[in-house]
Amino acid sequence: GGTGRIMGLDGEAKMSKSLGNTVGILAEPEEIWNRVRTAVTAPQRVRKDDPGRPEVCNVYSLHEFFTPSADLPDIAQQCRAATRGCVDCKRILAESVGREFAPFRERAAHFRENPQEVLDILARGAEKASGIARETMAEVRQRMGMDWRKAMG
């Protein structure tokens with residue numbers, strides 16, 4: 001906590017694509033589940049009826065980020081009481097991640113189906129950037145005493 005970094009699914013390091021301990025933001029629900037089900041949980045919870053400790057559980061720390069805060073007390077209580085197993089807890093996490101990432105998947109699908117819209121956005125951006133670059137270069141030349149328009153006139 002407090003570092004602003006999210007622990008990866010492996011529970012060993014911060015989330016990093018190169019370490020392979022992430023869930024892709026465009027992942028479909030099945031892929032999210034396949035990734036989340038591998039996530040490391042609290043080490044002392046070996047059997048389903050062993051009481052858990054959410055404060056040291058990597059899956060619970062991910063719940064704090066993705067799951068609605070109103071659901072967290074129930075998740076923590078059932079973990080401590082061993083009334084919900086880690087697999088079911090991971091299913092809830094996978095659903096939460098899927099729900100949070102849904103708008104990004106939908107937006108990506110929209111742009112995949114409308115490539116001309118993407119090209120139009122890029123063209124407008126290039127046009128705007130070109131105008132800004134022209135203004136910047138004119139200011140640079142003027143400040144350096146290299147205003148070619150004055151030299152030509």
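Numbers here simply count residues along the sequence, with the first being 1. Just so it is clear, the structure is predicted and the values come from calculations on it, not from any experiment.
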Taking atom CD of Q116 as the centre, report whether more than 12 heavy atoms of other residues, nucleotides or ligands fall under 6.0 Å from it.
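Atom CD in Q116 is crowded, with more than 12 foreign heavy atoms closer than 6.0 Å.
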Do other residues, nucleotides or ligands put more than 12 heavy atoms under 6.0 Å from F65 CZ?
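At most 12 heavy atoms, drawn from other residues, nucleotides or ligands, come within 6.0 Å of this atom.
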Nearest-0.5 Å distance that lies between atom [atom1] in [X] and atom [atom2] in [Y]:
{"X": "S96", "Y": "E64", "atom1": "OG", "atom2": "CD", "value": "12.5 Å"}
{"X": "T83", "Y": "D49", "atom1": "OG1", "atom2": "CG", "value": "11.5 Å"}
{"X": "E95", "Y": "R91", "atom1": "CD", "atom2": "CZ", "value": "8.5 Å"}

Are [X] and [Y] connected, step by step, through hydrophobic side chains (Ile, Leu, Val, Met, Phe, Trp, Tyr) whose heavy atoms are closer than 4.5 Å?
{"X": "V36", "Y": "L26", "answer": "yes"}
{"X": "I92", "Y": "V59", "answer": "no"}
{"X": "W33", "Y": "L9", "answer": "no"}
{"X": "L93", "Y": "I25", "answer": "yes"}

Show me the side-chain donor-acceptor pairs of residues 121-134 shorter than 3.5 Å, one per line, residues at least two apart or across chains.
unit_1, atom_1, unit_2, atom_2, d
S130, OG, R134, NH1, 2.9

How are the rings of F101 and F104 set relative to one another: parallel (under 30°), tilted (30 to 60°) or perpendicular (over 60°)?
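Rings of F101 and F104: perpendicular, as their planes differ by over 60°.
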Report the C-alpha distance between R84 and Q77 in whole Å, list the side-chain angles of each, state the deciding distance to 0.1 Å, and finish with yes or no for side chain to side chain contact (heavy atoms under 4.5 Å, CB included).
CA-CA 9 Å; R84 175 182 291 128; Q77 187 277 325; over 6 Å; no
For R53 against C79, the heavy-atom pair lying closest together
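Heavy-atom minimum between the residues: N-SG, 4.0 Å.
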Side-chain heavy atoms of C89 within contact of H63, under 4.5 Å
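Heavy-atom side-chain distance check passes, below 4.5 Å.
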Residue pair R35 / V97, side-chain heavy-atom distance below 4.5 Å:
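Contact flag for R35/V97 side chains = no.
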Tell me if a side-chain donor or acceptor on D50 pairs with a main-chain N or O of R47 at a distance below 3.5 Å.
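Yes: the side chain of D50 pairs with the backbone of R47.
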For the side chain of K90 and the backbone of A39, is there at least one donor-acceptor N/O pair under 3.5 Å apart?
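A pair under 3.5 Å: yes.
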Would you mind checking if R143 and E139 are paired as a salt bridge, meaning a charged N to carboxylate O distance below 4.0 Å?
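The answer is yes: the pair qualifies as a salt bridge.
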Matching residue for C57 among T41, I75, L62 - test: side-chain contact (heavy atoms from CB on, under 4.5 Å)
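Going through T41, I75, L62 one by one, the side-chain contact (heavy atoms from CB on, under 4.5 Å) with C57 is satisfied by T41 alone.
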